[in-house]
Amino acid sequence: MSALLHYKTEGEGHPIVLIHGLFGNLDNLGILARELKKNYRVISVDLRNHGLSFHSENHSYPEMAQDVIHLIDSLQIEKFSLIGHSMGGKVAMKMASILAERVLSLVVLDMAPIGYTENRHDSVFTAIENVQASRPASRSEALEIMKEYITIEGVRQFLSKSLYKDNETQEMHWRFNAHALKKHYRNILGWNTIEPVSVPTLFIKGELSEYILPEHQERIRQQFPCAKAHVVTRTGHWLHAEKPKEVLRAISKFYAVSTNAN
C-alpha cells in the first residue's frame, strides 16, 4: 500500500472529505472548509502528485480513490461524506462506486462522469515547464514567466500557490509532479463508466462552465440515479471560489433534505 496522503482535519461531527482538482492542494477548498468545520469534521487532502503528498509515476482514478480510502481507513472512519471539485470530483465519484455502503452523500463541483476530449491545459503545461527551466528566484519572477503563456491572472495566481523556495538553491519549484500529470493527462481527462451508484448525490455546476452540459445528463443519470443538480449563476469552473456562499447554501440544503450528513 502506498504512503498516506498529506491531510488536514478540522472540526468535529460527521466526517466530510474535501478533494481538490488538478494542480491544486488541500487549501483550494479551504473557503468551504472554514464554514463546514463549524458543524462537521472536515478532512482536506492533498492528492498524490499534489501538495505535500507523495509523488508517483502513476496517476489514475482507481489509484487516487484508493489513496483516499487508505487515509480514511487509517483514521478509523467508517461512514463519511465526500465533496470533490473537478478532478477531485472524479476521485470522489470513483470512491463512491467502491464504497457505496460507507459514503453517505456525495457532492461533485463542476465535473461530469464522462471522458473529455478537449485539451484545456496545453498553455498551463507550457507555462509550468518554462518556469521549471527558468529556475526563478521568486514567486513574482515565476508569475512574469507564466504571463507569456497564460492570459488569465486568476489561473496564474492559482498555480503560483503551488510554488515553494528550495532552501539550498534558493530557486522556486513546483510542489506538484508536473511530469507525471502531463504523462497521465489522458487519464485525467478520461473516465471509465461505473455501475449505478445509489449514494445521494448533488452535482453543482457553474453556469458559465462547459464541464457539465445538457448532453451529459443521461450519462450522469445512468451512473448516479439518485443525483440532483444545482446551477450557480454567473460562475465558471471555480464556482466555490467565485460564489462560496451560494455553493455552501446548496450543500447545506442538500444535507438537510438528504439527512445523510447530519
Side-chain angles (χ1 to χ4, degrees), residues 8 10-45 47 80-93 95-96 103-114 116 120 152-159 161 197 199-217 219-221 223-262:
K8 177 169 65 176
E10 306 170 277
E12 296 180 0
H14 173 75
I16 298 175
V17 183
L18 299 186
I19 310 176
H20 65 80
L22 181 61
F23 303 121
N25 59 51
L26 58 75
D27 289 328
N28 291 158
L29 299 181
I31 199 162
L32 302 184
R34 282 195 289 277
E35 286 301 313
L36 291 169
K37 71 180 182 181
K38 296 174 182 178
N39 298 302
Y40 304 101
R41 180 185 179 186
V42 178
I43 300 109
S44 303
V45 303
L47 293 172
F80 56 95
S81 293
L82 291 165
I83 300 175
H85 172 247
S86 198
M87 181 183 75
K90 284 187 171 178
V91 175
M93 288 187 274
M95 286 181 65
V103 177
L104 297 188
S105 66
L106 168 64
V107 175
V108 180
L109 302 177
D110 211 57
M111 179 57 54
I114 65 161
Y116 295 91
R120 300 171 186 265
I152 302 171
E153 183 184 358
V155 175
R156 299 195 299 267
Q157 291 292 340
F158 163 70
L159 289 170
K161 292 177 181 177
V197 177
V199 172
T201 303
L202 176 66
F203 286 86
I204 306 181
K205 169 185 165 54
E207 181 189 23
L208 307 179
S209 170
E210 296 183 347
Y211 279 90
I212 300 179
L213 297 172
E215 55 262 37
H216 301 154
Q217 288 181 9
R219 296 281 303 280
I220 292 172
R221 210 165 17 243
Q223 296 170 81
F224 295 91
C226 299
K228 299 181 184 301
H230 181 86
V231 177
V232 180
T233 59
R234 298 188 298 280
T235 59
H237 188 54
W238 294 92
L239 63 171
H240 57 283
E242 295 174 47
K243 290 195 175 181
K245 289 182 180 178
E246 290 196 20
V247 171
L248 284 161
R249 196 177 303 124
I251 292 171
S252 297
K253 184 178 178 182
F254 172 62
Y255 283 171
V257 297
S258 68
T259 70
N260 285 287
N262 292 302

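Annotation for E153: atom CD does not count as buried by contact number, only 12 or fewer foreign heavy atoms lying within 6.0 Å. For NZ of K228, the number of neighbouring non-hydrogen atoms (other residues, nucleotides, ligands) closer than 6.0 Å is 12 at most. Other residues, nucleotides and ligands place more than 12 heavy atoms under 6.0 Å from the CZ atom of R120.
Note that OG of S86 and CG of D110 are 7.5 Å apart. Values are rounded to the nearest 0.5 Å. Remark: I31 CD1 to K243 NZ distance equals 13.5 Å, nearest 0.5 Å. Rounding to the nearest 0.5 Å places OG of S44 at 10.0 Å from CG of N25. Remark: H85 NE2 to M111 CE distance equals 7.0 Å, nearest 0.5 Å. The NE2 atom of H230 sits 6.5 Å away from the CD1 atom of I204 when rounded to the nearest 0.5 Å. Residue I83 holds its CD1 atom at 8.0 Å from CG of L29, rounded to the nearest 0.5 Å.
Here the shortest heavy-atom pairing between V197 and P225 reads O-CD, 3.4 Å. Among all heavy-atom pairs drawn from A112 and K90, the shortest one is O-CE, 3.5 Å. Here the closest heavy-atom approach between residue M93 and residue P113 is recorded as SD-CB, 3.7 Å. Minimum interatomic distance between H240 and V247 (heavy atoms only, all atoms of both residues): CA-CG2, 3.9 Å. Heavy atoms only, all atoms of each residue included: V103 and A96 are closest at CG2-CA, 4.1 Å.
When each of K38, K37, R34 is tested with E10 by the rule salt bridge (charged side-chain N to carboxylate O under 4.0 Å, His left out), just one qualifies, namely K37. Of the residues listed (L106, L104, V199, T201), the one engaging L82 in a side-chain contact (heavy atoms from CB on, under 4.5 Å) is L106, and it is the only one. Looking at V107, I16, L109 one by one, the single match for side-chain contact (heavy atoms from CB on, under 4.5 Å) with L32 turns out to be L109.
With hydrogens and angles ignored, the 3.5 Å screen pairs a side-chain donor or acceptor of K205 with a backbone N or O of I212.
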Would M95 and I19 count as a side-chain contact (heavy atoms from CB on, under 4.5 Å) if you check the C-alpha gap in whole Å, the side-chain angles of each, and the deciding distance to 0.1 Å?
CA-CA 11 Å; M95 286 181 65; I19 310 176; 4.0 Å; yes
L36 vs L18, test: side-chain contact (heavy atoms from CB on, under 4.5 Å). Steps then yes/no.
CA-CA 10 Å; L36 291 169; L18 299 186; 4.3 Å; yes
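Within the 4.5 Å cutoff, the side chain of R234 has heavy atoms near those of the E207 side chain. Within the 4.5 Å cutoff, no side-chain heavy atoms of T235 are placed close to those of E246. A heavy-atom distance below 4.5 Å is not found between the side chains of Q217 and F203. For the pair S81/Y255, a side-chain contact is recorded, criterion being any heavy-atom separation below 4.5 Å from C-beta on. Side-chain contact between R249 and K253 is absent, with no heavy atoms from C-beta onward closer than 4.5 Å. Under the 4.5 Å side-chain criterion, counting only non-hydrogen atoms from C-beta, D27 is not in contact with K161.
Aromatic ring orientation, H14 versus Y40: perpendicular (interplanar angle above 60°, classes split at 30° and 60°). Taking the six-membered ring where tryptophan is involved, the planes of H237 and Y211 are essentially parallel, since the angle between them stays under 30° and well short of 60°.
Q223 pairs by the side-chain hydrogen bond (donor to acceptor under 3.5 Å, both in side chains) definition with W191, not counting sequence neighbours.
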